[in-house]
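Excluded from the calculations below are hydrogen atoms, water molecules and symmetry mates; all remaining heavy atoms, backbone and side chain alike, are included.
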Amino acid sequence: MVSTNTSQVKRELLLEGLDCANCAMKIEDGVRKVSGVSSVTVNFATTRMSITTDIDKAQEVLAEAAKKVKRIEPHIRVSIIDQGARTVRQPAEGGHTHSHDHGNDGHVHHHGHTHGHGEGAEHAHDHGHEGHTHDAGANQLRKLGARLALGTVLAAAAVLAPVTGWAQIGLFVLAYLLIGGDVVWQAVRNIVRGRVFDEYFLMTIATIGAFAIQEYPEAVGVMLFYQVGEMFQSLAVNRSRKSIQSLMDIRPDYANLETNEGLIRVSPEQVAIGERIVVKPGERVPLDGLVISGSSMMDTSALTGESVPRKAENGSEILSGFVNLNGVLTIEVSKDYGESTVSKILELVQNATSKKAPTETFINKFARVYTPIVVIVAVLLAVIPPLVITGAEFSEWIYRALIFLVISCPCALVVSIPLGFFGGIGAASRSGVLVKGGNYLEALGDVRTIVFDKTGTLTEGVFQVTGIHPSEAAAVDQEKLLEYAAYAEYHSNHPIAESIRQAYGSELDQDRIGHYEEISGHGIKVMLKGTEVLAGNTKLMELQGIDYALPKHHGTVVHIAAAGNYLGHIVISDKVKPDAARAIKELKSLGIRRTVMLTGDVRAVAEAVGEEIGIEEIHAELLPQDKVTQVERLGEHKLPKEKLMFVGDGINDTPVLAQADVGAAMGGLGSDAAIEAADIVIMTDEPSKIASAIRIAKRTRTIVWQNIIFALVVKALFLLLGAFGVAEMWEAVFSDVGVTLLAVLNSMRILKYKGL
């Protein structure tokens, strides 16, 4: 359960059996009209529906939403995903735990009791395992297979047996009802509710029309072909979903909790901050924490995409989602499950497809208009030619119109496109890049300008004091100058301040520090035992009217003054990331026309870094608000369809991240601020991952457009062939079901792509 504000709540329903993207659109539109629903999103890729409503009306609204879903698509099983129930602790040594696990990800067991949730709604307990909800789907497929087999036998008997007249027609009708009775019934139900122009209606009209013109074998055969195609399409969609979800199968099932009675196995949600858990070899780390005993190699690939194991030992910070490879670790938990890294990542990926890409939105709108237009054209095709063309027969043109109808269904587009974008998001996450929505993934492919922050993005952000330079005019030595600087930076959390305190090394007496003032973009003013001490950049010195010496050293320079007199400066150096130069080179090869670096550091340092890694355009000595201004200026010079991307550390670059078309946070691993602030999170802290993300975005777009063009070309071709009487009903069904199946299989190719 996720609260959206003090009076509203977001709840989720699982829609088991949802394998039609057009149906997902109808459900979303229908539930949106339910009284009390503030917003609704149906995620076709994960078969989940998120509903936001008033907290005091949640149960009634969910019950009504479930009824609405059952009215629109009766075959779908609706389950309310319960994320609030508590679990029962079980002994860890017992092997199997029976605790019910209520995480944010995973799939649901259906316990069959409705709790008054309305028609078709079941209370679902979330277990976090793949495959538990597919028994009902498998049973439905077996029943459908048996029906199709029996119907085929009856149809074959009608053709081969020595029967004629009404007996033969009766066998065909019986075979037809066995094979396609459910399709006809659903079409009738939809028409009664005022919903026409869906695939059920198209197939029913086409096949009953074939009966009307005495094409009995074709009517039964086409329905059989359609049902078999739908069955394979359903299997392909489910396989695609499983493949996508397996990429993010990082949710821990349990935690081994240390208690006075020994280890007990519990769900991760039950473990409190400060409690200790044990992670054995082969187990997934369930919660973020600190290693207090043991050492081991950790597989971090599920979070970072990196195959090289990382060592964890006493004092190491460790994140949920890592896999313990060899040793036994005891970990003190630092975050509860809801705030842990794996929970946040899973929530991001689960919600990613709710932010639809512009292409996906356009195709959904196109499908709503396209089908009614084709139906109207089909009616005109059936009626006008026999009236105006000499010798034309109604039966022939009705048949052509029926073929036209079957071809018109836009399933291939509305099914394959969301799967393509979700597959791209999954492939990116496997490579250590979290993309928060299909819209951002598509925008990545249009990026032509990338603006980088320097510290922590292109450089390590690990500062060291590399030079202490007292002024010749001041009567202070290096130790005294460093002491002044350390006291001035006492309250600052900036990495530069930490490096100065670390270099000083001695204990600092807080009682010596009086009034403290941080001057944004300049530095710090502090009273030290009655003496005013300044520590900052050249702007601070100029602001205070202090003459200072221009340093000849590369690095970040902190000038120190006391009682209005210049004492000297300290040089702090940062190290460029190993892959920064390669990242810039790869980005340029991908068509990025402009790379820019923004920094508050001095120009000499910025230019040295820019020269080392290959960035030509550099803007240095910027205040935080200056960065926003620069991004706005750069945005004005790009073409309308081009996108501007800003890459920062996600903590102090929030305004700029929001200003850019696409905001990416570096160093996102374990950083809550980074995950919250950015549209894209680079989990490994490597600039080269940006190039990987852009490659995945371009690959996804290519596959999506392959599907769009393939589907439209085949549809257009068969529409023409059908209209001119060349294509028969069999080809028409292939152009619908076959194209959809091929498009879904094509969408799955993105899952194999690593963006290298």
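None of Thr459, Asp685, Ile613 except one satisfies the side chain to side chain contact (heavy atoms under 4.5 Å, CB included) rule with Lys577; the exception is Asp685. Across Ile450, Val451, Val628, a single residue satisfies side chain to side chain contact (heavy atoms under 4.5 Å, CB included) together with Phe646, and that is Val451.
In this structure, the separation between CG on Asp446 and CG on Leu639 is 11.0 Å, given to the nearest 0.5 Å.
Remark: the Ser334 side chain and the Asp288 side chain contain no N/O donor-acceptor pair separated by less than 3.5 Å. Counting only N and O atoms by type, the side chains of Asn324 and Ser296 include a donor and acceptor under 3.5 Å apart. Judged by distance alone, the side chains of Arg603 and His619 never bring a donor and an acceptor atom under 3.5 Å apart. A donor-acceptor pair shorter than 3.5 Å cannot be found between the side chains of Glu621 and Asn537. Side chains of Asn707 and Ser747: a donor-acceptor N/O pair is present below 3.5 angstrom, by distance only. Under 3.5 Å, the side chains of Arg701 and Gln706 contain no donor-acceptor pair of N or O atoms. In the model, Glu686 has a side-chain atom that pairs as donor or acceptor with a side-chain atom of Thr684 under 3.5 Å.
Counting only distance, with no hydrogens or angles, the side chain of His637 and the backbone of Gly635 share no donor-acceptor pair below 3.5 Å. Checking side-chain atoms of Lys454 against main-chain N and O of Leu598 turns up no donor-acceptor pair under 3.5 Å.
Counting non-hydrogen atoms of other residues, nucleotides and ligands closer than 6.0 Å to CD of Glu632 gives a total above 12. Counting non-hydrogen atoms of neighbouring residues, nucleotides and ligands closer than 6.0 angstrom, the CD atom of Glu317 reaches no more than 12 such neighbours. Applying the 6.0 Å contact sphere to CD of Gln502 captures no more than 12 heavy atoms from other residues, nucleotides or ligands. Sparse packing is recorded around CD of Gln464, with 12 or fewer heavy atoms of other residues, nucleotides or ligands lying under 6.0 Å away.
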For this session: Please lay out, stage by stage, how Lys585 and Arg582 fare under the test side-chain contact (heavy atoms from CB on, under 4.5 Å).
Result: CA-CA 5 Å; Lys585 186 178 179 181; Arg582 175 166 59 89; 5.6 Å; no
